[in-house]
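Contents: one structure, followed by commentary.
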Amino acid sequence: MFQRLFQWLDERLGLTTIHDIVLDRKVPKVNWWFTLGSASLFLFLIQGITGIFLTVYYVPSPDHAYDSVQYIMNEVRFGWLIRGIHHWGATLMVLVVFIHMLRTFFYAAYKYPRELTWLSGVVLLLATLGMGFTGYLLPWNQRAYWATTVGTQIPGTIPFIGPFITSVLRGGSELSAITLARFFAVHIWFLPALIAATIGLHLYLVIRLGISHIPDENE
Ligand code: HEM
C-alpha cells in the first residue's frame with residue numbers, strides 16, 4: 001500500500017532523483033569540522049520554529065512587549081522552555097556559524113570554484129548577526145533599550161552618512177515605538193526571508209560543486 005503510494009508520488013515528483021542528488025552524493029573523507037554547516041542549518045530551523053511559537057504571545061509595542069515576555073516566561077505552559085531555546089539558540093547559532101566560517105577559511109574552501117559559496121556565506125553571517133541585533137531589543141527591558149541605544153549610535157559616527165543611518169535604524173532621533181516595530185519586522189520577516197533564500201543558494205552551490213577535500217602531503 002505504502003510502496004504503491006510512494007511509487008505514485010515518486011513518478012510525479014521525482015523523489016528518488018532528489019534523494020540521490022541531495023543525500024546520496026559522493027563526499028570526500030572529511031572530519032567533524034565539516035558538520036558545522038549542517039549544525040548552522042539545524043539551529044536556523046530551531047530558531048524559526050521557536051520564534052514562530054513566541055510570536056503567538058509576544059506583542060511588539062512599548063506598552064506590552066516587556067509584560068508579554070514575562071507572561072511567556074511565567075504563565076504560558078512551556079513558554080520558558082521555548083524562549084530559553086530561542087535565547088540560547090541565538091547565541092549558539094552565531095558561534096556555530098562563525099566557527100563554520102573559520103573552518104572553511106582554514107581549509108581554503110573559499111577558493112575556486114567556491115567563491116560564490118563563500119560570498120553567500122558572508123551574507124549569511126551578516127544576516128545572522130543582524131538577527132541577534134534586532135532580537136536583542138524585543139524584550140524591551142533596560143538592557144535591551146540601552147544596548148540598542150548604543151548599538152544604533154555606533155554607525156552614527158560614520159562621517160557624512162552616519163546620522164542618517166542612525167535615524168533610519170531608530171525611525172527618528174530617539175528609540176520609540178517605531179524602533180520596536182521596525183526591529184520586530186526586520187527580525188521576523190526581512191532577515192529570515194533573506195537567510196532562507198541565501199541558505200537555498202548556499203546549499204545549491206554546496207551540492208553542485210561538492211565539498212572541498214582535505215589536501216594530502218602529495219598535493
Ligand atoms: C546560516 C549560516 C550557514 C549555513 C546554514 C551554512 C550551511 C553550509 C553547509 C550545510 C555546508 C556543507 C557542509 C560543510 O562544509 O559544513 C556549507 C559549506 C560551506 N560554507 Fe556554509 N553555511 C552558513 C554560513 C557560512 C558562512 C558565514 C561562510 C563564510 C563566510 C560559509 C562558507 C561556506 C563554504 C566556503 C562552504 C564550502 C565548504 C567546502 O566545500 O569545504 N558558510 N555551508
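Ligands are counted one by one from 1 in listed order, and the atoms in each one are counted from 1 as well.
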Table please: side-chain donor-acceptor pairs of residues 110-117 below 3.5 Å, with sequence neighbours left out.
{"unit_1": "Arg114", "atom_1": "NE", "unit_2": "Gly210", "atom_2": "O", "d": "3.0"}
{"unit_1": "Arg114", "atom_1": "NH2", "unit_2": "Gly210", "atom_2": "O", "d": "2.9"}

Legend entry - Aromatic plane relationship, Phe105 with Trp118 - under 30° parallel, 30 to 60° tilted, over 60° perpendicular: tilted
Legend entry - Side-chain touch Ser68/Tyr57, heavy atoms, less than 4.5 angstrom: no
Inset, instruction - Write out the protein residues near ligand 1, meaning a non-hydrogen atom under 4.0 Å from one of its atoms, in order of chain and number. - result: Phe34, Gly37, Ser38, Ser40, Leu41, Met93, Val97, His100, Met101, Arg103, Thr104, Ala109, Arg114, Thr117, Trp118, Gly121, Val122, Leu124, Leu125, Ile199, His202, Leu203, Val206, Ile211, Ser212
Inset, instruction - Please say which of Val76, Ile82, Val69, Ile188 ends up in a side chain to side chain contact (heavy atoms under 4.5 Å, CB included) with Leu54. - result: Ile82
Legend entry - More than 12 heavy atoms of other groups within 6.0 Å of Tyr66 OH: no
Inset, instruction - State the CG-CH2 distance between Leu102 and Trp33, to the nearest 0.5 angstrom. - result: 9.0 Å
